[in-house]
Amino acid sequence: MSGKIRVMSVFGTRPEAIKMAPLVMELGKRPEFESLCCLTGQHRQMLDSVMEIFGLQAQYDLDIMEKQQTLSTITTKTLLGMERVLEEAKPDLVLVHGDTSTTFAGALAAFYHKIPVGHVEAGLRTYDRYSPFPEEMNRTLVGDIASLHFSPTRANGENLRKEAIRGEIFITGNTVIDAMKTTVRPDFVFEEDILNRLDYSGRKVITLTCHRRENYGQPMEDIMTAVRTIVEENPEVEVVYPVHLSPVVQECAGRLLGGLDRVHLIAPLDVAQMHNLMARSYLVLTDSGGLQEEAPAMGKPVLVLRRETERPEAIAAGTAKLAGVETERIVHLTRELLRDPTAYARMARAVNPYGDGNACLRIADAIAWHFGLRKERPEDFEAK
């Protein structure tokens, strides 16, 4: 292929941006690529903060976010907006990430224009189409569209092979581990001042996140009740909960955890603040996918507040445990980590199965190899 490879990265939410930012930066360094960035704006404020932290500028911005947006409006507005962008930019490859509605619509738009798609973080599966919803179906459909599949782990790649997915599969590690090279610093100063004043060495700080749609209703009620019990039982514990902007989450958190001593309900944090908070915390309680990958890289045990996870490698490696959504089990597992130093050390010292910080190098090399600009196929990532 003559000339530069024009690669367009399409993303629209904060988690996508965190994981795509180091890849956009890596592609931009290389003379064989012209790296373009298209934002859908599925999440607006949180997305913009990530772009600012990594010093990135988007060439295109669909700015689709609206009040009370639905899955249908996100998908249709992205599809329609991408028509003009793809016709104008004419990329050789479109990169999408993970499992959001932006991911699916961006991949579908590229397919409609007969532009190859590369899927970053490919092959994650629960094999329950409604959990997580709509993510499980989004990533499954993108798997059928994509020509290049960049799987974080060998197990993710095997999922694709079992499904007879077409295209090249590369095992790369997860790009979020690359992102943490930029964000985590020992001298970091938080914008949220309460985080500067916490006693991380003398107290046991728990980072909490809970926001998934499938946890709305009774599961979220039970999770918040568990957190309340943990705080009341353990005077050395402080909980920091950056509360998602969803009105459902805000109401539940405020009602069950608001006003409690040693529970700090704060606004959502940008990626740098979140990474540095976890780095200083004792453990992490979360229903987030990304935090299951990030926290083990810092030696922090993770209790997953879900019934299942598409990241079983962390469970197998011992860096995470599936706590479920029932109050009693969450309290029991947290109590064990707070009171049993051996159990805590076993999780904290487990090897992170998700990457070595070189995922973006492997992905860029794989794209160059695919387009004939590199002789050797990059070696797959293998957790040590």
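We're numbering straight along the sequence, starting at 1.
Of all non-hydrogen atoms in V94 and I115, the two that sit nearest each other are CG2-CG2, 3.9 Å. Residues L93 and G118 come closest through the heavy atom pair CD1-N, 3.7 Å.
Salt bridge status for R84 with E88: present, with a side-chain N to carboxylate O gap under 4.0 Å. Residues R154 and E382 are paired through a salt bridge, judged by an N-O separation under 4.0 Å between the basic side chain and the carboxylate. Ion pairing between E238 and R262 fails under the 4.0 Å rule for side-chain N and carboxylate O. Salt-bridge formation is detected for the pair R377/E168: a Lys NZ or Arg NE/NH1/NH2 atom is positioned less than 4.0 Å from an Asp or Glu carboxylate oxygen. A salt bridge is absent between K90 and E87; no separation between the charged side-chain nitrogens and carboxylate oxygens falls under 4.0 Å. Between E163 and R125 there is a salt bridge, with a side-chain nitrogen of the basic residue lying less than 4.0 Å from a carboxylate oxygen of the acidic one. Residues E310 and R306 are paired through a salt bridge, judged by an N-O separation under 4.0 Å between the basic side chain and the carboxylate. Electrostatic pairing of K300 and E294 does not count as a salt bridge here, judged by no charged N lying under 4.0 Å from a carboxylate O. The pair R139-E135 does not count as a salt bridge, with every side-chain nitrogen at least 4.0 angstrom from each carboxylate oxygen. Taking a cutoff of 4.0 Å between a charged side-chain nitrogen and a carboxylate oxygen, R362 and E26 do not qualify as a salt bridge.
A donor-acceptor distance shorter than 3.5 angstrom exists from the side chain of N234 to the backbone of I230, with no hydrogens or angles considered.
Taking 4.5 Å as the limit, some side-chain heavy atom of L291 sits within range of a side-chain heavy atom of M278. Residues E16 and T100 have side chains in contact (heavy-atom distance under 4.5 Å, counting atoms from C-beta outward). Taking 4.5 Å as the limit, some side-chain heavy atom of R311 sits within range of a side-chain heavy atom of L124.
With ring centers used as reference points, Y282 lies under 6.0 Å from Y344.
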### Task
List the steps and the verdict of side chain to side chain donor-acceptor pair (under 3.5 Å) for T286 and Q292.
CA-CA 8 Å; T286 186; Q292 295 176 53; over 6 Å; no
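In summary, of the residues considered (L361, I363, D365, I171), a side-chain contact (heavy atoms from CB on, under 4.5 Å) with P378 occurs for D365 alone.
Other residues, nucleotides and ligands contribute only 12 or fewer heavy atoms inside 6.0 Å of the OH atom of Y112. Dense packing is recorded around CZ of R203, with more than 12 heavy atoms of other residues, nucleotides or ligands lying under 6.0 Å away. Around atom CD of E52, no more than 12 heavy atoms belonging to other residues, nucleotides or ligands sit under 6.0 Å away.
Under 3.5 Å, the side chains of E313 and T153 contain a donor-acceptor pair of N or O atoms. With 3.5 Å as the limit, one finds no donor-acceptor pair spanning the side chains of T327 and T225.
Hydrophobic clustering, with ILVMFWY side chains joined whenever heavy atoms are under 4.5 angstrom apart, keeps L160 apart from L148.
Cation-pi geometry between R374 and W369 is not satisfied (NZ or CZ under 6.0 Å from the ring centre, within 45° of the ring normal).
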